[in-house]
Amino acid sequence: MSDAVLSQFKQEVAEEKKEFTGKKIKVGIIGTGWIAESHIGSYLNQPDVEIVAAADIIPGKAEQKMEKFGIKGARCYTSHEEMIDKETDLDVVSVCTYNTQHAAPTIYALEHGLPVLLEKPFSVTLDEAVEIMKAEKKSGKFVSVGFQPRFDGNMQMIKKIVESGVLGDIYYIQTGGGRRRGIPGSTFIEKSTGGIGALGDIGCYSLDMVLNAIGYPKPLTVSGYVSDFFGKNPKYNGEEDAARFSVDDFGAAFVRLEGGIILDFRIAWAMHVDTPGDTIIFGKEGALRIPSTDCWNGSVGGEMTLYHDICGKQTETKIPLVNSNGDLFDKKIRSFLDAAMNGGTAPVPTSQIIYNQAIIDGINKSNECGHEIEVVIPEI
């Protein structure tokens with residue numbers, strides 16, 4: 001192993017400091033289901049934040065969530081419009097609704113001058129994502145999409161390795177992930193609420209891991225496939241959930257990206273193997289293997305391996321795992337708050353994630369028509 005090469009990728013863990021200026025940042029929560037609990041918990045970990053309002057379309061649900069977290073004095077509503085109209089001193093909002101309901105509250109918040117932390121996936125369709133971006137551009141505020149794996153030191157290391165040039169020009173990427181048995185329940189599995197299944201739940205993370213590392217090139221064409229064999233089978237998903245399952249539990253695609261890069265992608269909520277394979281980034285000067293995990297959720301399964309030549313000799317360099325300092329969800333929340341209050345830019349900008357969404361949208365469209373399609377993203 002080359003110490004000179006490895007020294008380029010040493011672990012760097014900086015101590016995080018939180019400053020409290022005395023002014024509380026007023027936060028509103030839109031949608032108070034399961035994922036909202038992670039948002040609420042992280043907001044409560046910030047010394048300069050006050051959750052002042054929450055909205056959920058189910059009567060009493062927002063009140064129950066506020067009570068569960070001991071948040072006293074927060075006003076609760078059954079519509080995001082009423083909350084935003086009445087809470088005129090809000091600073092930011094988190095949108096934690098069903099996937100199919102991401103667009104409306106996000107656009108309404110932007111129209112009322114509020115920065116938005118939008119839980120992933122960006123949306124269900126490309127058209128919805130475009131409408132959000134149009135509202136974002138018009139408002140002058142920003143939307144940050146909730147991809148907390150971006151703040152993991154190992155994800156940042158992947159990007160650092162690619163940007164170092166040690167791999168040379170990237171030409172092919174194999175990526176994806178999945179769970180042998182990992183179909184969620186609740187609203188995730190119905191088209192009316194989830195809209196998309198494994199593609200939107202964990203597929204967007206897998207795509208972001210590699211697309212962010214290589215600079216988010218534009219997708220040009222997609223040949224995609226989805227299935228629902230496990231989700232609709234009572235043997236694997238129970239009678240009740242199988243009967244209402246109406247989204248994908250597996251997706252795969254062959255994507256052509258700008259710059260002559262090929263992306264070979266697959267993702268699964270359920271399958272008969274433990275993993276569809278490691279992520280491998282192929283470059284003209286080297287390759288990087290990123291081990292998969294048994295239950296893919298946006299993480300790295302072990303130390304990475306850099307394959308390269310040194311003085312004509314084939315060499316493998318092990319890249320040790322980085323021990324990230326602090327909770328990733330807290331980092332996501334903090335970065336969003338700092339950008340919103342200090343005039344910064346979105347930590348995870350829609351200008352990047354629109355390409356992520358275009359691939360997911362393209363997979364579904366290609367599957368429907370049975371052939372490769374061109375990716376067309378409207379002017380925003």
Next item on the list: Please list, chain by chain and in numerical order, all residues satisfying side chain to side chain donor-acceptor pair (under 3.5 Å) with K120, sequence neighbours excluded.
Entry: D201
Margin query: I'd like to check V145 versus N356 (side-chain heavy atoms, cut-off strictly below 4.5 Å). Are they in contact?
Written below: no
Check: Y172: what forms a side chain to side chain donor-acceptor pair (under 3.5 Å) with it, not counting sequence neighbours?
Finding: D264
Next item on the list: For the pair N154 (side chain) and V300 (backbone), establish whether a donor and an acceptor sit closer than 3.5 Å, ignoring hydrogens and angles.
Entry: no
Margin query: Let me check something: do I35 and F336 share a hydrophobic cluster, defined by ILVMFWY side-chain heavy atoms less than 4.5 Å apart, either directly or through other members?
Written below: yes
Margin query: Quick one, I40 with I71, criterion side chain to side chain contact (heavy atoms under 4.5 Å, CB included). Give me CA distance, side-chain angles, the key distance, then yes/no.
Written below: CA-CA 10 Å; I40 293 168; I71 302 171; 3.7 Å; yes
Margin query: Quick one about Y77 and E87 (side-chain donor to acceptor, distance below 3.5 Å, no hydrogens or angles considered), yes or no?
Written below: yes
Next item on the list: Locate the shortest heavy-atom distance separating M341 from I25; write the atom from each residue and the value.
Entry: CG-CD1, 3.6 Å
Check: Should V27 and F69 be regarded as members of a common hydrophobic cluster, given that ILVMFWY residues are connected when their side-chain heavy atoms come within less than 4.5 Å of each other, either directly or indirectly?
Finding: yes
Note to self: Would the distance check show the side chain of T32 and the main-chain N or O of K65 forming a donor-acceptor pair, the cut-off being under 3.5 Å?
What the structure shows: no
Note to self: Looking only at the side chains, is there a donor atom on one of Y236 and D249 sitting less than 3.5 Å from an acceptor on the other?
What the structure shows: no
Check: Is E163 salt-bridged to K160, going by a charged N under 4.0 Å from an acidic O?
Finding: no
Check: Taking the side chain as C-beta and beyond, is there a heavy-atom pair between Y43 and F329 under 4.5 Å?
Finding: no
Next item on the list: For the pair F147 and Y205, name the ring-plane relationship: parallel under 30°, tilted 30 to 60°, perpendicular over 60°.
Entry: perpendicular
Note to self: For the CD1 atom of I58 and the CD atom of Q64, what is their distance to the nearest 0.5 Å?
What the structure shows: 9.5 Å
Margin query: Check whether R75 reaches the backbone of G73 with its side chain - one donor and one acceptor, N or O, closer than 3.5 Å.
Written below: yes
Check: Taking atom types as modelled and ignoring hydrogens, do the side chains of H308 and T317 form a donor-acceptor contact shorter than 3.5 angstrom?
Finding: yes
Check: Between K332 and E119, is there a side-chain N and carboxylate O pair less than 4.0 Å apart?
Finding: yes
Next item on the list: For the residue pair I353 and D208, establish whether any side-chain heavy-atom pair is separated by less than 4.5 Å.
Entry: yes
Notebook entry, point to check: Side chains of T125 and D361: is there a donor and an acceptor less than 3.5 Å apart?
Noted result: no
Note to self: Strictly distance-based, threshold 3.5 Å: is any side-chain N or O of D248 a donor or acceptor partner for the main-chain N or O of A198?
What the structure shows: yes
Notebook entry, point to check: So, for I202 and G178, which heavy atoms are closest and what is the spacing to 0.1 Å?
Noted result: CD1-CA, 4.4 Å
Checklist line | R334 and D48 ion-paired at < 4.0 Å | finding: yes
Note to self: Is any side-chain heavy atom of F265 closer than 4.5 Å to one of S206?
What the structure shows: yes
Margin query: I'd like to know if the side chain of T187 pairs up with that of T193 as donor and acceptor (distance under 3.5 Å, no hydrogens or angles considered).
Written below: no
Check: Do we see a donor-acceptor contact under 3.5 Å between the side chains of K318 and T305?
Finding: yes
Margin query: I'd like to know whether F229 forms a ring pair (Phe, Tyr, Trp, His ring centres under 6.0 Å) with F250, so could you lay out the CA-CA distance, the side-chain angles of the two residues, the decisive distance to 0.1 Å, and finally the verdict.
Written below: CA-CA 8 Å; F229 303 132; F250 175 80; 8.7 Å; no
Margin query: Can you confirm whether L117 sits close enough to V92 that some side-chain heavy atom of one is under 4.5 Å from a side-chain heavy atom of the other?
Written below: no
Margin query: How close do V162 and A213 get, counting heavy atoms only, and between which atoms?
Written below: CG1-O, 3.4 Å
Item checked: Donor-acceptor pair between S246 and E190 side chains, under 3.5 angstrom -> no
Item checked: Side-chain touch I158/I281, heavy atoms, less than 4.5 angstrom -> yes
Note to self: Strictly below 4.0 Å, N to O, side chains only: are K218 and E258 in salt-bridge contact?
What the structure shows: no
Margin query: Looking at K141 and E136, is any side-chain nitrogen of the basic one under 4.0 Å from a carboxylate oxygen of the acidic one?
Written below: no
Margin query: I'd like to check V273 versus T275 (side-chain heavy atoms, cut-off strictly below 4.5 Å). Are they in contact?
Written below: no
Next item on the list: Locate the shortest heavy-atom distance separating A129 from I354; write the atom from each residue and the value.
Entry: CB-CD1, 3.6 Å
Next item on the list: Keeping the roles fixed (side chain from Q156, backbone from R150), state whether a donor-acceptor pair exists under 3.5 Å.
Entry: yes
Next item on the list: Would you indicate whether the side-chain heavy atoms of P121 and H102 approach each other to under 4.5 Å?
Entry: yes
Checklist line | More than 12 heavy atoms from other groups under 6.0 Å of CD on E82 | finding: yes
Check: How far apart are the closest heavy atoms of I377 and A358, and which atoms are they?
Finding: CD1-CB, 4.0 Å
Check: Is a side-chain donor or acceptor of T221 paired with a backbone partner of E374 at a separation under 3.5 angstrom?
Finding: no
Next item on the list: Using a strict cut-off of less than 4.0 Å between a Lys/Arg side-chain nitrogen and an Asp/Glu carboxylate oxygen, indicate whether K23 and D91 qualify as a salt bridge.
Entry: yes
Checklist line | Check: N367 side chain, Y225 main-chain N or O, donor-acceptor pair, under 3.5 Å | finding: no
